[in-house]
Amino acid sequence: MMKIFVNKKIKILFIGMIFSIVFFMLLSTLLLAFAVRNAAYYITICGVCMGVIILLLCYGYFREQHKIMESAILQITEYISGNKNVSFECDDEGELYRLFHEVNSLVTILNAHAEHEKSTKKFLRNTISDISHQLKTPLAALNIYNGLIQDEAKEKELPTIQEFSQLFEQELDRIESLVQNLLKITKLDAGTIILDKTLENVSELAENTRKHFLFRAGQEGKEICLSGNEEITLLCDRNWIIEAISNLVKNALDHTEKDGLIRIEWRAFTSIVQITVKDNGSGIHPEDLHHIFKRFYRSRFSKDTQGIGLGLSLTKAIVEAHNGTIEVDSTLGIGTSFTMNFLNPTKL
């Protein structure tokens, strides 16, 4: 109880209230003791005055507290907005100032953690980038050596060596794809990529993607269909958006059986351009839906043994770099639909 009076302002408030009450009681007693004429009238006036004084004291105190709290809220808002140098004045005594002191300590700890996380991410990003760059040279050499082996095996008609060299080539392609995707993701994370945005025709982007996978789709007995208004345009970086759509189409092909259908659809709303990639494949297990955009995530339910778990993560990074969003809807055994939504400034 006595801790309350550590605060000087609370102490002044209570002293003022006690002094007003005591003064009123003494004055009332004197008026009654000396049988002053109209004593009741004067006592009433004194009581009103005492009440007004107490109200003024309370108003002054709570007005001051309100200013302090408003200042604290403003500081917290600034911190949330990104200003890491905020600090609460806590030179006075009392519970409120103890709270401010603890908040200052919390801000210091959060800033230290944020700085540590930032440096850790930077180190990890640089390390991944360095390793990826270092892998490029030996990969190129291995591809050359494997090509020579394939030529030699073909000339000397060595089917076993040809078979294994082809498998070796597939694995090299997977490693190269992993390296390229890692480099792209680290660049997007670092913010070192400046998007070269131009007004692009969405149907052309979709057709470009379809042509890229046309041979594979034909080999696997699958079909890629396009659907959308040919007049729809999108302000974007052409190469990166094609990369995002391509990753979704590749994912659809990977999880679709023979005679499967992959559809690339696009629509325009008042201020949004929507691009959707649908398939009638195996679908995604409900337990995986909240994790599929995580890097290197591999589902225990998936039959895909070739994927490296970076395609969807890269697609999400590309979409978000364009200030867009990506959603997924899937039903086991029926198919999956990925929808990318982009704000279209030209329509705002």
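Keep in mind that what you see is a predicted model, and the values were worked out from it rather than measured.
- Shown here for N229 and W266, the closest heavy-atom pair between the two residues is O-NE1, 2.8 Å.
- Within the 4.5 Å cutoff, the side chain of L142 has heavy atoms near those of the F168 side chain.
- Across all non-hydrogen atoms, the minimal contact from K294 to H290 is CE-O, 4.3 Å.
- Under the 3.5 Å distance criterion, the side-chain polar atoms of D329 are left unmatched by any main-chain donor or acceptor of S337.
- Between the side chain of N201 and the main chain of E230, a donor-acceptor pair closer than 3.5 Å is present.
- When the side chains of ILVMFWY residues are joined at heavy-atom separations under 4.5 Å, either directly or via intervening members, V52 and Y59 end up in two distinct hydrophobic clusters.
- Side-chain contact check for I245 versus M340: some heavy-atom pair is nearer than 4.5 Å.
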Yes or no on side chain to side chain contact (heavy atoms under 4.5 Å, CB included) for I264 and L248, after CA distance, side-chain angles and deciding distance?
-> CA-CA 10 Å; I264 305 175; L248 295 179; over 6 Å; no
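- Salt bridge annotation for E207-R210: present, with a cationic side-chain nitrogen under 4.0 angstrom from a carboxylate oxygen.
- Nearest heavy atom pair, residue T209 against residue S246, reads CG2-OG, 3.6 Å.
- Closest heavy-atom contact between N146 and S165: ND2-O, 3.1 Å.
- For the pair S330/D288, no side-chain contact is recorded, criterion being any heavy-atom separation below 4.5 Å from C-beta on.
- Here the side chain of K316 pairs no donor or acceptor atom with the backbone of I326 at under 3.5 angstrom.
- Atoms CD1 and OG, from I318 and S313 in turn, are 10.0 Å apart once rounded to the nearest 0.5 Å.
- Atom NE2 in H113 sits 10.5 Å away from atom CG in N111 (nearest 0.5 Å).
- Residue N341 holds its CG atom at 5.5 Å from CD1 of I272, rounded to the nearest 0.5 Å.
- Side-chain heavy atoms closer than 4.5 Å link hydrophobic residues (I, L, V, M, F, W, Y) into clusters, and following such links, even through other members, never connects I43 to F19.
- Applying the under-4.5 Å side-chain rule to Ile, Leu, Val, Met, Phe, Trp and Tyr, the cluster around V22 extends to I18, L26.
- From I149, atom CD1 reaches atom CD of E169 across 11.5 Å, with rounding to the nearest 0.5 Å.
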Carefully, step by step, assess F338 and T315 under the rule side chain to side chain contact (heavy atoms under 4.5 Å, CB included).
-> CA-CA 11 Å; F338 285 94; T315 297; over 6 Å; no
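- Remark: E257 CD is loosely packed, at most 12 non-hydrogen atoms of other residues, nucleotides or ligands lying under 6.0 Å away.
- Environment of CZ in F213: crowded, with over 12 heavy atoms of neighbouring residues, nucleotides or ligands closer than 6.0 Å.
- Note: the hydrophobic cluster containing F23 also contains Y42 (ILVMFWY, side chain heavy atoms under 4.5 Å, direct or indirect links).
- The distance from the CD1 atom of I241 to the CG atom of L235 is 10.0 Å, given to the nearest 0.5 Å.
- The hydrophobic clustering, which links ILVMFWY residues whose side-chain heavy atoms are closer than 4.5 Å, places I15 and M25 apart.
- For the pair S28 (side chain) and F24 (backbone), a donor-acceptor distance under 3.5 Å is present.
- No donor-acceptor pair closer than 3.5 Å links the side chain of N280 to the backbone N or O of G260.
- Under a hydrophobic clustering in which Ile, Leu, Val, Met, Phe, Trp and Tyr are joined whenever their side-chain heavy atoms come within less than 4.5 Å, directly or via other members, L332 and I334 fall into different clusters.
- Here the straight-line distance linking atom CD1 of I242 with atom CG of N247 works out to 12.0 Å at 0.5 Å rounding.
- Inter-residue side-chain proximity for L226 and S203 is flagged as unmet; no heavy-atom pair is nearer than 4.5 Å.
- Taking both residues in full, the closest heavy atoms of T339 and Q274 are given as CG2-CG, 3.3 Å, listed atom of the first, atom of the second, then distance.
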Criterion side chain to side chain contact (heavy atoms under 4.5 Å, CB included) on E200 and T198, from CA distance to verdict | CA-CA 6 Å; E200 299 289 341; T198 53; 2.6 Å; yes
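- Proximity of a side-chain donor or acceptor of H212 to a complementary backbone N or O of N208 within less than 3.5 Å is not detected.
- In this structure, A252 and I262 approach most closely via the heavy-atom pair CB-CG1, 3.7 Å.
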Start with the C-alpha gap between L205 and C236, add the side-chain angles, then the distance that decides, and say whether side chain to side chain contact (heavy atoms under 4.5 Å, CB included) holds.
-> CA-CA 11 Å; L205 300 177; C236 65; 4.2 Å; yes
